[in-house]
Amino acid sequence: MDAPPAGVTMLKQHLIDPEICIRCNTCEATCPIGAITHDANNYVVDPGKCNACMDCVAPCPTGAIDNWFVVATPFSLEEQFSWRELPPRPADPPSEAPDALDEEAAALIAAAHAGAEGRARPPASASKPRINLFNRASPARARVSGNYRITRSPGGTDVHHLVLDFGAVPFPVLEGQSIGVIPPGTDALGRPHAMRLYSVSSPRDGERPNTNNLALTVKRVAEPRPDGTILRGVASNWLCDLPVGAEIEVMGPFGATFLMPDDPETDIVMVCTGTGSAPFRGFTERRRRLRQWGRGRMYLFFGARTPEELPYFGPLQKVPGELLERHLVFSRVPGRPKQYVQDRMREEAATLGTLLGKPTTHLYVCGLKGLERGVEEALTDIAAQAGLDWPAIRSAMRAEGRYHVETY
Ligand SMILES: Cc1cc2nc3c(=O)[nH]c(=O)nc-3n(C[C@H](O)[C@H](O)[C@H](O)COP(=O)(O)OP(=O)(O)OC[C@H]3O[C@@H](n4cnc5c(N)ncnc54)[C@H](O)[C@@H]3O)c2cc1C
Ligand code: SF4
Ligand code: SF4
């Protein structure tokens, strides 16, 4: 968003979309401080009362309530009562920009998306995400209904598939979004732990269609330090050790740009290592479940040390080839040359070069920060072979919501 003129304080105003609202009164009944009222025409939010507690947002059955405009002068109640539709948005919608409501999560997302260089945009055909419904002060409660290891290497990388059940609480997510958790206890300075984000690895309608749950793909962080001790990640170890039946507090959903296109004609190229595969499991399951693939194909470049360390190796083999072109790449298989995702991408330069030239291709990179450099170099070479200029293509793709990086 552009900076406001000197001396002008911008504020975030909560508004209800009169075109979508079905006048069900749920929000007015929910608001703990009476900030929502209505006349014969509209439900409206009093800007002098609303404290953005978000209590009304999750229960709204239509999403009409989830509008936040950054304004210099708030719209009055009289103006809102007269509307048939929302006025034009003054700026980009609140998303992972640092001005988003949950600043802790927004900062984490902004850092993870820094590789997209500049303000990331959602795909044009993506569904509208719900964000910041639950926060530290008012989290959702979820029950662990599944927790099992999905890597098979004894003593090696330990990645868990967790299923969180939200019971009767609506927790709407889209593929590519993340949730936040705060591990119990305090940090070395005695403060509550910082929030950790985890990508949702299930499709929007749950692990099985129409279940109110979501899946996470969590890697247990346990790294040897130079002094011989082991660094055990606080949140990842806590999550991986949670027993089935445990109740945890969840924040979010977060992330408004790393989303999949809903248009089935689009091609989706996904590049990842390790837990970077989490959002792509959601993307793939979504398209598989729709059974309307259109002409759009999915291409997965997925790197791991060995097949045993590649999360979801078994289930991935069963995804139909006409939906997903799989490139599973291994760097530590005894007796075989080391191969990384960027090496396989170069081998597939003809296919990728064609895809980079298509205006319907969406490209996603997800995983540890170290992944970005090799992928960038490979894309530069692949584009050049196809007679294209990668920085120019990347800028255009980013501006059109077709280029996405999420690394941490
Ligand atoms: C948008 C976003 C999405 C994320 N999605 C996932 C996900 O789907 N699955 C997942 O496991 N993690 C994911 N993460 C990382 C996660 O939030 C935590 O940072 C990670 O689990 C480590 O937290 P911890 O408390 O266990 O480690 P800490 O106690 O915070 O220790 C930090 C140490 O862990 C290292 N570290 C952080 N992430 C990893 C990793 N994945 N592999 C190896 N070392 C790491 C750091 O470099 C550091 O040395 C995501 C992060 C972001 C910002
Ligand atoms: S809960 Fe949503 S749909 Fe119902 S009156 Fe409020 S804004 Fe409208
Ligand atoms: S965000 Fe909170 S204070 Fe504002 S209208 Fe909704 S329930 Fe009321």
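Because the structure is predicted, anything quoted here is derived from the model rather than measured. Each ligand, and each atom within it, is numbered from 1 in the order the structure gives.
- Residue contacts with ligand 3: Thr30 is excluded, as none of its non-hydrogen atoms falls under 4.0 Å.
- Residue Ala278 has no nitrogen or oxygen atom sitting less than 3.5 Å from a nitrogen or oxygen atom of ligand 1, judged on distance alone.
- Distances below 4.0 Å separate heavy atoms of Pro32 from the following atoms of ligand 3: 7 (S).
- Counting heavy atoms from C-beta on, the side chains of Arg23 and Pro18 come closer than 4.5 Å.
- The distance from ligand 1 to the heavy atoms of Thr217 drops below 4.0 Å at these ligand atoms: 7 (C), 8 (O), 9 (N), 10 (C), 11 (O).
- Taking the side chain as every heavy atom from C-beta outward, Phe301 and Val375 never approach each other to under 4.5 Å.
- With atom 4 (Fe) of ligand 3 as the reference point, the heavy atom nearest to it among Cys50, Ala52, Cys31 is part of Cys50.
- Set against the non-hydrogen atoms of Met54, the atoms of ligand 3 under 4.0 Å away are 1 (S), 2 (Fe).
- Contact annotation: Cys60 places an N, O or S atom under 2.8 Å from atom 2 (Fe) of ligand 2.
- Near Ile36, with a cut-off below 4.0 Å to any heavy atom, the atoms of ligand 3 are 5 (S).
- For Lys338, the NZ atom is loosely surrounded, since the number of other residues' heavy atoms within 6.0 Å does not exceed 12.
- Against a heavy-atom cut-off of under 4.0 Å, Ile33 is close to the following atoms of ligand 3: 3 (S).
- The heavy-atom pair separating Thr284 from Val319 by the smallest distance is CG2-CG1, 3.8 Å.
- Both the backbone and the side chain of Tyr198 come within 4.0 Å of ligand 1, counting heavy atoms alone.
- Counting heavy atoms from C-beta on, the side chains of Pro122 and Thr257 come closer than 4.5 Å.
- Where the criterion is an N or O separation shorter than 3.5 Å, residue side chain and backbone included, Lys219 meets it with respect to ligand 1.
- In terms of protein heavy atoms, atom 3 (S) of ligand 2 is closest to Thr62 OG1, 3.3 Å.
- Numbered from 1 in the order shown, with element, the atoms of ligand 3 that lie under 4.0 Å from a heavy atom of Cys53 read 1 (S), 2 (Fe), 3 (S), 7 (S).
- Two residues are said to be in side-chain contact when any heavy atoms from C-beta on lie closer than 4.5 Å; Cys24 and Pro61 meet this criterion.
- Residues Tyr408 and Leu197 form no side-chain contact, since every pair of their non-hydrogen atoms from C-beta on lies 4.5 Å or further apart.
- Ligand 1 has no atom lying under 4.0 Å from any heavy atom of His193.
- No salt bridge links Arg84 with Glu19; every basic N to acidic carboxylate O contact stays at or beyond 4.0 Å.
- Distances shorter than 4.0 angstrom do not occur between any heavy atom of Cys27 and any atom of ligand 3.
- The side chain of Val221, and not its backbone, has at least one atom closer than 4.0 Å to an atom of ligand 1 (non-hydrogen atoms only; side chain from C-beta on).
- Neither the backbone nor the side chain of Ile20 has any atom closer than 4.0 Å to an atom of ligand 2 (non-hydrogen atoms only).
- The side-chain heavy atoms of Pro307 and Val333, taken from C-beta on, include a pair separated by under 4.5 Å.
- At the top of the distance list for atom 32 (C) of ligand 1, counting protein heavy atoms only, stands Leu231 CD2, 4.5 Å.
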